[in-house]
Amino acid sequence: MKLDSGDITQLTVDAIINAANKSLLGGGGVDGAIHRAAGPLLLKECESLGGCETGQAKVTKGYNLAAKYIIHTVGPIWKGGEASEAELLASCYRESLKLADTHNINTIAFPCISTGIYGFPKQAAAEIAISTCKSYLVDTGSEIDITFCCFGEEDIEIYKKLLNRAA
Ligand code: AR6
């Protein structure tokens with residue numbers, strides 16, 4: 001598990017994860033950036049998927065991206081912490097990794113799901129992201145190579161500290 005920074009659409013990995021909404025029809029933040037970079041055929045494929053529940057994930061092709069696949073997952077909207085936000089966020093990471101493994105994806109990059117427009121506190125979200133991914137690798141024996149793509153100094157510092165501790 002490692003850290004990268006900057007625009008996730010520019011990473012050369014087999015799959016990038018999109019922090020989408022339940023419609024899967026695009027939006028702002030990283031979702032908007034991914035749709036712009038992948039091109040209009042992505043929206044066409046997304047329209048055929050029938051949306052996605054919070055905590056679940058669906059896969060599409062990567063179109064104009066270097067990444068062959070995009071895994072769209074819907075993070076929880078932060079409502080104060082008593083609405084199963086932590087469990088739902090963990091589920092996003094787990095379900096994305098499961099889908100990646102079923103598509104023989106070897107390298108994958110996650111944005112910091114739910115921590116932008118959806119308002120999940122960054123430190124708590126990073127702890128969930130790293131511990132869930134680590135448990136998944138241990139529990140399943142998967143050798144998938146995971147990058148956490150941090151967009152901004154605050155997340156870079158948080159992930160640096162946590163990944164050093166996890167190493
Ligand atoms: N590359 C990597 N990370 C990015 C990029 C990028 N190009 N752009 C933003 N981020 P957000 P959410 C970071 O708001 O909180 C959309 O409208 C950002 O700094 O994109 O899950 C969807 O359609 C933050 O750390 O996603 C949903 O409606 C992280 O990505 C809603 O926003 C997630 O921020 C989802 O909200």
Side-chain angles (χ1 to χ4, degrees), residues 1-40 42-60 62-67 69-81 83-97 99-100 107-130 132-133 145-163:
M1 298 193 294
K2 57 181 184 288
L3 164 70
D4 206 331
S5 61
D7 182 2
I8 199 168
T9 66
Q10 301 304 308
L11 298 185
T12 305
V13 285
D14 295 339
I16 63 169
I17 309 301
N18 182 17
N21 59 61
K22 291 208 270 185
S23 78
L24 296 185
L25 300 179
V30 70
D31 193 5
I34 289 172
H35 275 268
R36 277 192 300 278
L42 173 59
L43 182 58
K44 276 244 169 299
E45 185 175 358
C46 285
E47 281 168 354
S48 74
L49 297 177
C52 182
E53 291 303 317
T54 304
Q56 299 299 308
K58 291 192 177 176
V59 68
T60 66
Y63 298 98
N64 296 337
L65 298 178
Y69 296 104
I70 302 165
I71 296 174
H72 306 261
T73 187
V74 182
I77 299 170
W78 181 256
K79 293 177 180 153
S84 303
E85 293 96 326
E87 291 83 350
L88 289 165
L89 185 63
S91 174
C92 287
Y93 284 91
R94 234 181 354 257
E95 293 302 318
S96 297
L97 289 166
L99 258 188
T107 57
I108 194 171
F110 283 101
C112 302
I113 301 165
S114 280
T115 65
I117 293 164
Y118 280 180
F120 203 116
K122 288 179 185 294
Q123 175 75 32
E127 287 170 11
I128 291 165
I130 290 172
T132 304
C133 289
D145 184 275
I146 302 170
T147 297
F148 297 102
C149 179
C150 295
F151 200 67
E153 275 308 314
E154 194 181 346
D155 272 320
I156 292 171
E157 287 311 312
I158 291 171
Y159 273 82
K160 250 189 208 161
K161 283 201 188 108
L162 290 173
L163 286 169

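Index from 1, following the sequence. Ligands are counted one by one from 1 in listed order, and the atoms in each one are counted from 1 as well.
Sorted pairs that involve residues 11-20 and meet salt bridge (Lys or Arg N to Asp or Glu O under 4.0 Å), not counting sequence neighbours, are lacking altogether.
For NZ of Lys2, the number of neighbouring non-hydrogen atoms (other residues, nucleotides, ligands) closer than 6.0 Å is greater than 12. In this structure, Glu47 places its CD atom where more than 12 heavy-atom neighbours from other residues, nucleotides or ligands lie under 6.0 Å away.
Counting heavy atoms under 4.0 Å from ligand 1, residue Ile34 does not touch it at all.
Using a 4.0 Å cutoff on heavy atoms, Ser114 counts as a contact of ligand 1. The shortest separation from a heavy atom of Gly6 to ligand 1 is under 4.0 Å, placing the residue in contact. Residue contact annotation: Asp7 has a non-hydrogen atom under 4.0 Å from ligand 1.
The shortest contact between atom 36 (O) of ligand 1 and any protein heavy atom is with Tyr118 CG, 3.4 Å. In this structure, the protein non-hydrogen atom closest to atom 4 (C) of ligand 1 is Phe151 CG, 3.4 Å. Summary of contacts: the protein heavy atom closest to atom 29 (C) of ligand 1 is Cys112 O, 3.3 Å. Closest to atom 14 (O) of ligand 1 among all protein heavy atoms lies Ile117 N, 2.8 Å. Among all protein heavy atoms, the one lying closest to atom 24 (C) of ligand 1 is Thr115 OG1, 3.6 Å. Among all non-hydrogen protein atoms, the one lying nearest atom 22 (C) of ligand 1 is Asp31 OD2, 3.5 Å. Among all non-hydrogen protein atoms, the one lying nearest atom 17 (O) of ligand 1 is Gly28 N, 2.7 Å. Taking atom 26 (O) of ligand 1 as the reference point, the nearest protein heavy-atom neighbour is Ala19 CB, 3.8 Å.
Here the side chain of Gln56 pairs no donor or acceptor atom with the backbone of Glu95 at under 3.5 angstrom. A donor-acceptor pair is defined here as one N or O able to donate and one able to accept, closer than 3.5 Å; such a pair exists between the side chain of Lys58 and the backbone of Leu49.
In terms of polar-atom proximity, Val30 is counted as a contact of ligand 1, with an N or O under 3.5 Å from an N or O of the ligand. Polar contact with ligand 1: absent for Ala20 (N/O pair, distance under 3.5 Å). Close N/O approach between Gly116 and ligand 1 is found [any backbone or side-chain N/O within under 3.5 Å]. Not one N or O of Pro111 is nearer than 3.5 Å to an N or O of ligand 1, by distance alone.
Separation of the Phe120 and Trp78 ring centroids falls under the 6.0 Å cut-off.
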Only distances under 3.5 Å count here; give the side-chain donor-acceptor pairs of residues 146-156 to other protein atoms, sequence neighbours excluded, each with its distance to 0.1 Å.
{"residue": "Asp155", "atom": "OD2", "partner": "Lys122", "partner atom": "NZ", "Å": "3.4"}

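The Ala33 neighbourhood of ligand 1 comprises atoms 7 (N), with distances under 4.0 Å to a heavy atom of that residue. Residue-ligand proximity, Asp155 to ligand 1, at heavy-atom distances under 4.0 Å covers atoms 25 (O).
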